[in-house]
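Reviewing the structure listed below.
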Amino acid sequence: VQLQASGGGLVQAGGSVRLSCAASGRTFSNYDMGWFRQAPGKEREFVAAIRWADSKTVYGDSVKGRFTISRDNAVNTVYLQMNSLKPEDTAVYYCAARTNGGVISSYLKKDIAYDQWGQGTQVTVSS
């Protein structure tokens, strides 16, 4: 499985960005998918996840109400719509896949839940 994240860039505070993560593999629809981020000097932080079984979503507290995760199994892609961006959202964003999907959504907040990671895409929010 290979994950290719894209869509990052420079955006002003209050703006929006949509990240995409394209996955290889014939059973993408069975993968639980997640987004994490890491800012310089900080630990990796959970952002959002979506289960394959029922498309249930879960979000980190800092992005609830502003970010939306979704997936399109027809094109093997997961998205992260990021609205009302703040300078503190600046980070490298990583998509991740749990290829043996079906765990409870709360477990998907942990990076150890995932076995495949993409290369990351930089999002910079200017004030």
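Here the structure is a predicted model, which is why all the values come from computation and not from measurement.
- Looking only at side-chain heavy atoms (C-beta outward), Tyr114 and Thr99 stay at 4.5 Å or farther from each other.
- Shortest non-hydrogen contact noted between Leu19 and Val17 is CD2-CG1, 3.8 Å.
- Side chain of Ser20 to main chain of Ser6: no donor-acceptor pair is present (N/O by atom type, distance under 3.5 Å, no hydrogens or angles).
- Under a cutoff of 6.0 Å and an axis angle of 45°, Arg51 and Tyr31 do not form a cation-pi pair.
- The pair Asp89-Lys86 does not count as a salt bridge, with every side-chain nitrogen at least 4.0 angstrom from each carboxylate oxygen.
- Side-chain contact between Ser70 and Tyr79: present, with at least one pair of heavy atoms (C-beta onward) separated by less than 4.5 Å.
- Within the 4.5 Å cutoff, side-chain heavy atoms of Asp32 are placed close to those of Val103.
- By the ring pair (Phe, Tyr, Trp, His ring centres under 6.0 Å) test, Tyr94 pairs with no residue at all, sequence neighbours left out.
- For the side chain to side chain contact (heavy atoms under 4.5 Å, CB included) test, residues two or more places apart in sequence or in another chain that qualify with Ala5 are Trp35, Cys95, Gln119, Thr121.
- Considering every non-hydrogen atom in both Arg71 and Ser55, the closest pair reads CD-OG, 4.3 Å.
- Screening Leu3, Leu80, Leu108 for a side chain to side chain contact (heavy atoms under 4.5 Å, CB included) involving Met33 leaves a single residue, Leu3.
- Looking at Leu10 and Ser126, their side chains come closer than 4.5 Å, going by heavy atoms from C-beta outward.
- Val11 is not listed as a side-chain neighbour of Met82, based on a closest heavy-atom distance of 4.5 Å or more.
- Phe28 places none of its side-chain heavy atoms less than 4.5 Å from the side chain of Trp52.
- Between Ile69 and Tyr59, the shortest heavy-atom distance links the atoms N-OH, 3.0 Å.
- The closest side-chain heavy-atom distance from Ser16 to Arg66 is not below 4.5 Å.
- In this structure, Ala113 and Arg98 approach most closely via the heavy-atom pair O-NH1, 2.8 Å.
- A cation-pi geometry, defined here as NZ or CZ lying under 6.0 Å from the six-membered ring centre and within 45° of its normal, holds between Arg44 and Trp117.
- A heavy-atom distance below 4.5 Å is not found between the side chains of Gln12 and Leu85.
- Under the ring pair (Phe, Tyr, Trp, His ring centres under 6.0 Å) criterion, Phe67 pairs with no residue at all, not counting sequence neighbours.
- Of the possible donor and acceptor atoms, none in the side chain of Thr90 sits under 3.5 Å from a partner among the backbone N and O of Glu88.
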